[in-house]
K.L.:
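Please see the structure below; I have some questions.
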Amino acid sequence: MRKIHIIHTGGTISMEEDQRGAVKPGDKHPLSDLSGLFDIEIDVQISEIFRLPSPHVTLAHMRQLAQGIEEAIQNGAEGVVVTHGTDTLEETAYFLDLVLQQNVPIVLTGAMRSNNELGADGPHNLFSAVEVALCKEAGDKGVLVVMNDEIHTAANVTKTHTSNVATFQSPQYGPIGIVTKRGVNFHHAPTSHDHFPITETKKNVILLKAYAGMDEQIFQALSSLKIDGLVIEALGQGNMPPQTVPQLQKYIEKGIPIVLVSRCFNGIAQDVYGYEGGGRMLKELGIIFSNGLNGQKARIKLALALETTSNHEVLSQYFTQ
Ligand SMILES: NC(=O)C[C@H](N)C(=O)O
């Protein structure tokens, strides 16, 4: 008999639509009875660590969840499934991927339609997530996200559509596997895995998005705040409007690390362009270029990395791996 632990944290997968069409936290979770659904006998523990819409989730909640997962594994779970709201699911998944070092499957899932809506996807997603958590092969691939019959890595997956059930995609490399009626198929494996053994999540990392005509104002306004790091979703291959450059330089001189990603949906930020504000100039200033993470994940990574080091060289290496 395989032991699986399901941890509920809230999100649409635990919500219902009321008579006026507003989707709200309910008092039910999908599939409370999993008996007879799987080919093998399973022993399922179910717990709820918090019940929040995922826009309410903070780094402190993510740490609490990481501890809950570790406890479940210490208590014998051979696979852990977490249900979570989809809005910030990718951030929680990546946080867990970076802080947990476990070789049992850890799988996050959610739903785009609440439990009493026509075509609710929560029960099927939870079923598929348990299928993956039961699969021993899933144990060495880091934290996984299972939605709409696809298996994604925490590092790559992102929410791409506001309402479609096929919202979760992995722009760089695609899903690493699929869930079918006959079982779980992995078709490729993640190549690297970072680990940050943190005990706190106190660093304040801000995420900004660049736009045509961006100037110094937002950077000046932010300079009155206590900021430990800055992530910028830059333009194209990694370029910024020239008016921002003197301010970026000031942040670097103050020892505040800046990590640059692209605001493009796909691809890697690189120091290709040599014009004013181009990637070459930004890299020479000491801005760290990230290798393909999106902004929200680079923010999680920088916040965790800063808990372990403030060394610029070490931080840069974390983002080039
Ligand atoms: N589909 C969802 O779960 C979205 C919801 N707003 C949440 O993230 O909690």
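Side chains are part of it too, since the values below use all heavy atoms of this structure and drop only hydrogens, waters and symmetry mates. Numbering of ligands and ligand atoms starts at 1, following listing order.
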K.L.:
Which residue holds the protein heavy atom closest to atom 8 (O) of ligand 1, what is that atom called, and what is the gap in Å?
P.N.:
Ser54 OG, 2.5 Å
K.L.:
Ring centroids only, cut at 6.0 angstrom: are His188 and Tyr173 within range, meaning strictly under it?
P.N.:
no
K.L.:
Can you tell me if Thr244 uses its side chain to pair, donor with acceptor, with the backbone of Met240 under 3.5 Å?
P.N.:
no
K.L.:
Backbone or side chain, does any N or O of Asp87 fall under 3.5 Å from an N or O of ligand 1?
P.N.:
yes
K.L.:
Assess the side chains of Gln217 and Asp215: does a donor N or O sit below 3.5 Å from an acceptor N or O?
P.N.:
yes
K.L.:
Counting each atom of ligand 1 from 1 as listed, which ones have a heavy atom of Gly11 under 4.0 Å away?
P.N.:
9 (O)
K.L.:
Any non-hydrogen atom of Pro55 lying under 4.0 Å from ligand 1?
P.N.:
yes
K.L.:
So for Ala111, does at least one of its heavy atoms come nearer than 4.0 angstrom to any atom of ligand 1?
P.N.:
yes
K.L.:
Considering both backbone and side-chain atoms of Thr12, is one of its nitrogen or oxygen atoms within less than 3.5 Å of a nitrogen or oxygen in ligand 1?
P.N.:
yes
K.L.:
Is there a side-chain contact between Val82 and Ile69, using heavy atoms and a 4.5 Å cut-off?
P.N.:
yes
K.L.:
Do you know the tightest heavy-atom contact between Glu137 and Lys141?
P.N.:
O-NZ, 2.8 Å
